[in-house]
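A short worksheet on the structure shown next.
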Amino acid sequence: MQKTTLLGKAGKALAVGVLLLGGSLLVNTLRLPALPASDSKAPAAPDDLTEAVARLAAAIRMPTVSHGPEAGATANPFPAFHQLLASSFPLTHARLRREVISEASLLYTWQGSDASLPPLLLTAHMDTVPVEPGTEGKWQHAPFSGDIADGYVWGRGTMDMKHGVMATLEGVEHLLAQGYQPRRTILIAFGHDEEIGGVQGAAKIAALLEQRRIKPWFSLDEGLVIIDGFIAGAQRPIAQIGLAEKGMLSLALTAKADGGHSSMPPAMTAVGRVSRAVAKLQAQPMPATLAGPGGAGIRAMAPALPLASRVVIANSWLLEPLLLRQLEGAPATNALIRTTTAPTMISGGVKENVLPSEARAIVNFRLAPGDTPASVLAHVRAAIDDPAIDIRSYDGEGVAASAVADQSSPGFRLIAEAARKVEPAAVVTPGLVVGATDSRYYGRISGAAFRFLPVHYTPQDVPRVHGTDERISIADYGGLINFYIELIRSSTGAP
């Protein structure tokens, strides 16, 4: 009888505990911020949008392709492109100081009326990637046609990133025509070699500013965008403002062995040993965490997500393992929560019946904030746990992730407000850029480096970046111009 009573009490206590836990989960979910109002309209584009689109198209028709060193010496296309910019934006080139860096990059200075204020730095790059040989015929419109059709401008550079170059200057030209004079100095930096590392462009501009002891208030570059349709059940577009970008390290894993005839193989060949090392690495990835900007972005987008996702995110103190497992299930979200491991090259052997004396694999890591090349190397050695595998850096010592900009800073707030005016329905979140941008250099000299353009991307748009049928909608381009106008006005103020 006593046992039955005790079991009954335990059952009641368990039921009460479950109810309390359920109530706690519900309360935390209800505490999430509400979705922003979406009944307001985005500001109209400048009246001369037709002419602005024509200027963008003209810029696309002028190829400014960055080729790697394997291409050898190539003609410098940028002086002609600079001339196009000068003729397209006469007020800007009459009233702003322009400097040419490394014979191709540009630095503009729009002097503010209050020299005590640190300047705002707006950046973009003028170069594009090449078009893959043999794919030209797959484009709906020729890669460098600049065709204006079906509500889009088509061609290489419309998404990466002549649209940023031209929209910035359109915004400045528009403000100058209105007689606007900023209090805060505006710096505009256009690199010419971002697609091949930015060493001669952005790096030299940043070094020049540092030499002049100029420390920008904050900088803004490409990186993240407004995503729509990427997350199942999301109720709103999500505008992600990049707070940081990942670092990079590539390691070479090499195994050596005695050669010989394949009819008498050892227990482990060089190819087998390297393959085992790669398999161990993929089975033991770097730890996942919600602590960085990627995790902050996931939490911030919760109000736009379905109820089940909101419950998990709002209660990550309890359900974090479940949330991490969900995020690990897709490459795009997995990259936001950890340093990723990507075996990309493997080699060894010369003939099917010859035992190779050496085999090698190259593994590329994209470093999340908090990890360093040294910590990744230590992880790799421990995961492989094979002294017969030689592990060393491949193509440089690698770089850590950038510094993380402050989400609570005035710069983030101003960018977010400008983004909402372009896309009132968007949920604005922080985020992590998984690729590399010129901000790796500008972030070293500015108070904070942000990475965002208010351009809409759907899953169908992703293959267009560096791929076939690159294009930008005319509506997005108008919004991009307005974004720069709004950001300059709000961040500098009237004299």
Side-chain angles (χ1 to χ4, degrees), residues 38 40-64 81 84-85 87-89 92 122 124-126 128 131 139-175 177-178 190 220 222-230 236-239 418-426 452-489:
S38 61
S40 59
K41 294 183 179 179
D47 294 336
D48 60 349
L49 186 57
T50 299
E51 295 180 7
V53 168
R55 287 188 283 268
L56 174 62
I60 300 304
R61 294 186 193 108
M62 187 171 290
T64 52
F81 187 72
L84 174 69
L85 296 181
S87 60
S88 298
F89 305 105
T92 299
L122 302 176
H125 65 87
M126 300 176 288
T128 72
V131 174
W139 288 64
Q140 295 184 52
H141 298 268
F144 295 100
S145 65
D147 283 351
I148 303 169
D150 305 319
Y152 295 88
V153 183
W154 299 76
R156 180 63 86 228
T158 51
M159 299 173 77
D160 187 15
M161 74 165 302
K162 283 182 179 174
H163 62 333
V165 171
M166 300 300 286
T168 303
L169 295 178
E170 291 285 353
V172 171
E173 191 82 0
H174 178 80
L175 289 170
Q178 291 186 332
F190 296 148
L220 178 65
E222 64 174 338
L224 298 180
V225 293
I226 301 174
I227 59 173
D228 203 347
F230 285 85
R236 298 285 184 84
I238 298 170
R420 290 189 189 100
K421 290 189 176 180
V422 170
E423 176 48 277
F452 170 72
L453 290 179
V455 178
H456 292 78
Y457 274 46
T458 67
Q460 292 73 36
D461 291 315
V462 173
R464 300 179 189 276
V465 183
H466 288 198
T468 297
D469 280 343
E470 189 175 345
R471 69 183 188 181
I472 186 172
S473 73
I474 292 172
D476 260 351
Y477 188 57
L480 186 56
I481 296 170
N482 278 331
F483 171 78
Y484 283 115
I485 292 172
E486 178 63 29
L487 183 62
I488 292 172
R489 279 177 170 158

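Worth saying up front: this structure is predicted, and the values here are computed from it rather than measured. Scope of the values below: all heavy atoms of this structure, side chains included, with no hydrogens, waters or symmetry mates.
With sequence neighbours excluded, the residues satisfying side-chain contact (heavy atoms from CB on, under 4.5 Å) with V462 are F230. Under the side-chain hydrogen bond (donor to acceptor under 3.5 Å, both in side chains) criterion, Q460 pairs with T458, not counting sequence neighbours. Qualifying ring pair (Phe, Tyr, Trp, His ring centres under 6.0 Å) partners for Y457, counting only residues two or more places apart in sequence or in other chains: none. Checked against side-chain contact (heavy atoms from CB on, under 4.5 Å), A54 has no partners two or more places apart in sequence or in another chain. Listed by chain and number, the residues in a side-chain hydrogen bond (donor to acceptor under 3.5 Å, both in side chains) with H141 are D147 (sequence neighbours excluded). Every residue was checked against the side-chain hydrogen bond (donor to acceptor under 3.5 Å, both in side chains) condition with T168, not counting sequence neighbours, and none meets it. Qualifying side-chain contact (heavy atoms from CB on, under 4.5 Å) partners for E486, counting only residues two or more places apart in sequence or in other chains: A418, K421, S490. In this structure H125 satisfies the side-chain hydrogen bond (donor to acceptor under 3.5 Å, both in side chains) test together with D127, D160, E194, E222, sequence neighbours excluded. By the side-chain contact (heavy atoms from CB on, under 4.5 Å) test, L224 pairs with Q240, V433, sequence neighbours left out. F483 is linked by a ring pair (Phe, Tyr, Trp, His ring centres under 6.0 Å) to F452, counting only residues two or more places apart in sequence or in another chain. Evaluation of the salt bridge (Lys or Arg N to Asp or Glu O under 4.0 Å) rule for D461 yields R464 as partners, not counting sequence neighbours.
Here salt bridge (charged side-chain N to carboxylate O under 4.0 Å, His left out) pairs that include residues 150-159, with residues two or more places apart or in two chains, are R156-E470.
The backbone N or O of S145 lies less than 3.5 Å from no partner atom in the side chain of W154, so there is not a single donor-acceptor pair. Judged purely by atom type and a 3.5 angstrom limit, T64 uses its side chain to pair as donor or acceptor with the backbone of M126.
Interatomic distance, CZ of R489 versus CD of Q178, reported as 4.5 Å (0.5 Å rounding). Rounded to the nearest 0.5 Å, atoms OG1 (T92) and CG (L85) are 9.5 Å apart. Separation of atoms CD (E51) and CZ (R55) is listed at 5.5 Å; rounding is to 0.5 Å. From I227, atom CD1 reaches atom CZ of R236 across 14.5 Å, with rounding to the nearest 0.5 Å. Distance check: F190 CZ to L122 CG gives 8.0 Å after rounding to the nearest 0.5 Å. In this structure, L175 CG and Y484 OH are separated by 13.5 Å, a value rounded to the nearest 0.5 Å.
For A167 against Y477, the heavy-atom pair with the smallest separation is N-OH, 3.4 Å. Between I485 and G171 the shortest heavy-atom distance is CG1-CA, 3.6 Å. The shortest heavy-atom contact between P143 and V131 is CB-CG2, 3.5 Å. Heavy atoms only, all atoms of each residue included: A124 and G164 are closest at CB-C, 4.1 Å. Pairing each heavy atom of G229 with each of P459, the nearest pair is O-CG, 3.4 Å. Taking every heavy atom of both residues into account, V153 and G146 meet most closely at CG1-O, 4.3 Å.
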Task: Worked check of side-chain contact (heavy atoms from CB on, under 4.5 Å) between E170 and F89 - done: CA-CA 7 Å; E170 291 285 353; F89 305 105; 3.4 Å; yes
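Counting only heavy atoms from C-beta outward, the side chains of Y152 and Q140 never approach each other to under 4.5 Å. Annotation: side chain of T128 is not in contact with side chain of I60 (no heavy-atom distance under 4.5 Å).
Put simply, the residue from I481, L480, T158 that forms a side-chain contact (heavy atoms from CB on, under 4.5 Å) with H163 is L480.
Counted by atom type alone, D228 and H456 present zero donor-acceptor pairs between their side chains at under 3.5 Å.
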